[in-house]
Protein chains: 2
Amino acid sequence: MEREDLGALLARAARRIFEAERPLLDAHGVTMWAYAALSLLARGSAPTQLALAEAMGYDKSRLIKILDDLEAEGLITRRPDATDRRAKVVDLTAEGRAKLAAVQADIRAMEAEVLAELSTRERETLLAVLPRLA
Amino acid sequence: MEREDLGALLARAARRIFEAERPLLDAHGVTMWAYAALSLLARGSAPTQLALAEAMGYDKSRLIKILDDLEAEGLITRRPDATDRRAKVVDLTAEGRAKLAAVQADIRAMEAEVLAELSTRERETLLAVLPRLA
DNA sequence: TATTGTTATACTCTATAACTATA
DNA sequence: TATAGTTATAGAGTATAACAATA
């Protein structure tokens, strides 16, 4: 009873960040899931749709609409995998990379403000620890 | 690009915790929101339904069903506020406190396992920092 | 026969707006 | 007139199963 549950603490912190992200994403005309997809594509390179869905913790059937929109906007491309023509390889276009960079710059600036409430040591520990919890 | 977004890190960590919580909550026959309500009731005392909904970050109309179920199970009581008979004061029953203690014990044990992956210093910093981010 | 991407369908969750009873 | 709790309804989000093309 002395403290809140870890889950509640993480969820509240995540919610605060997401609420701060929403207007930034809206300004760029990108949904949260589309941004998540772009981020993952910039990181691991050229995954198949199924691999991307799994990496996002998202369902492959729900991902379709996200990718349809991103493709229509010219931010990604889909091409059949040479070794398995059932699968489609997803790639970021130059426009996709530019869009991601622009959105991410705004989000990082917002994060920097939030993290400024912490000391340097706290900030470093938090960012080192969170990836290991996930 | 060197690290993931803070929001993504928090969301992934929260998801991992919630997935570990689900079977524990199921075993006690309690939903996540019901558990959240019980936890908040044990903390701040005897709030009105509206105050409880706001504290949970939940909608007052959605809270109704949660409280209906908890009341039917004898875990909470609802009584009209003496000073404003429109409002209803929500109280934990003895059974409600016992249920909360039982569920929370299981969840804290699970959390302890997760947190055991961290050093003492990391653990303390994380738990000190998260409430300030929320 | 199994799997990838896709589509369709059903279900849950959430948001919004009314309604009642009190104020 | 406004507010707390409640109810009803519409919309968004999610899960599931089926389908075509390929393996």
Side-chain angles (χ1 to χ4, degrees), chain A residues 7-8 11-12 14-16 18-19 21-23 25-26 29-37 40-41 44 46-72 75-91, chain B residues 7-8 11-12 14-15 18-19 21-23 25-26 29-37 40-41 44-72 75-91:
Chain A
R12 274 204 301 148
R15 169 152 48 171
R16 173 190 170 180
F18 283 133
E19 276 168 12
E21 279 183 9
R22 195 163 314 148
L25 293 167
D26 287 351
V30 176
T31 69
M32 197 163 56
W33 284 115
Y35 175 68
L40 260 117
L41 288 171
T48 177
Q49 290 188 198
L50 193 61
L52 179 58
E54 280 164 2
M56 289 171 65
Y58 210 60
D59 194 274
K60 62 168 183 161
S61 68
R62 283 186 283 154
L63 183 60
I64 309 271
K65 179 67 163 59
I66 310 281
L67 296 183
D68 284 349
D69 293 347
L70 288 174
E71 195 175 27
L75 302 180
I76 63 160
T77 57
R78 282 191 272 204
R79 61 183 161 83
D81 184 336
T83 69
D84 181 348
R85 294 211 320 259
R86 293 173 304 180
K88 292 186 184 173
V89 176
V90 185
D91 271 307
Chain B
R12 276 204 303 149
R15 172 152 45 173
F18 283 134
E19 275 168 13
E21 280 183 9
R22 197 166 310 149
L25 293 167
D26 287 350
V30 176
T31 68
M32 197 163 59
W33 284 115
Y35 174 68
L40 259 117
L41 288 171
S45 56
T48 179
Q49 290 189 199
L50 193 60
L52 179 58
E54 281 165 1
M56 291 171 62
Y58 209 60
D59 194 274
K60 62 170 183 161
S61 68
R62 284 185 285 155
L63 182 60
I64 310 270
K65 179 68 164 56
I66 311 281
L67 296 182
D68 285 349
D69 293 347
L70 288 174
E71 195 175 27
L75 303 180
I76 63 160
T77 57
R78 282 192 271 204
R79 59 183 161 83
D81 185 335
T83 68
D84 182 347
R85 295 209 321 258
R86 292 173 305 181
K88 291 185 185 173
V89 177
V90 185
D91 270 308

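Only a predicted model underlies this, so the values are computations on that prediction, with no experimental measurement involved. Residue numbers begin at 1 in each chain, while the letters A, B, ... track the order of the sequences.
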* **Counterpart residues, ring-ring contact (aromatic ring centres under 6.0 Å, His included), relative to F18(B) (two or more places apart)** => none

* Neighbours of DNA chain D within residues 75-85 of chain B, by heavy-atom distance under 4.0 Å -> R78(B)

* Got a sec? Which of residues 50-63 of chain A come in under 4.0 Å of DNA chain D, heavy atoms? -> Y58(A), D59(A), S61(A), R62(A)

Applying side chain to side chain contact (heavy atoms under 4.5 Å, CB included), can you list everything that pairs with [X], at least two apart in sequence or on another chain?
X: R62(B); value: Y58(B), D59(B)
X: E54(B); value: L50(B)
X: A51(A); value: P47(A), T48(A)
X: D91(B); value: A46(B), T77(B), R79(B), V89(B)

Rounded distance (Å) that lies between atom [atom2] of [N] and atom [atom1] of [X]:
X: I64(B); N: dT14(C); atom1: CD1; atom2: C1'; answer: 15 Å
X: K88(B); N: dA21(C); atom1: NZ; atom2: C1'; answer: 10 Å
X: K65(B); N: dT12(C); atom1: NZ; atom2: P; answer: 11 Å

* Just jot down the side chain to side chain donor-acceptor pair (under 3.5 Å) partners of Q49(B), sequence neighbours excluded, or say none. =>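 Only R78(B) meet the side chain to side chain donor-acceptor pair (under 3.5 Å) criterion with Q49(B).
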
* To do: Return the minimal non-hydrogen interatomic distance between A14(B) and A11(A), and the atom names on each side.
  =>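 Minimum heavy-atom separation between A14(B) and A11(A): CB-N, 4.2 Å.
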
* Nearest heavy atoms of A36(A) and M56(A), plus distance in Å ->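 Minimum heavy-atom contact is CB-CE, 4.2 Å.
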
* To do: Could you give me the CA-CA distance, side-chain angles and deciding distance for L52(B) and L67(B), then say whether side chain to side chain contact (heavy atoms under 4.5 Å, CB included) is met?
  => CA-CA 11 Å; L52(B) 179 58; L67(B) 296 182; 4.1 Å; yes

* Asked: In chain order, what residues pass the salt bridge (charged side-chain N to carboxylate O under 4.0 Å, His left out) check against R22(A), with sequence neighbours excluded?
  -> none

* To do: Under 4.0 Å from any heavy atom of chain A: name the first and the last nucleotide of DNA chain D that qualifies, 5' to 3'.
  =>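 Range of nucleotides within reach of chain A: dT14(D) to dA23(D).
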
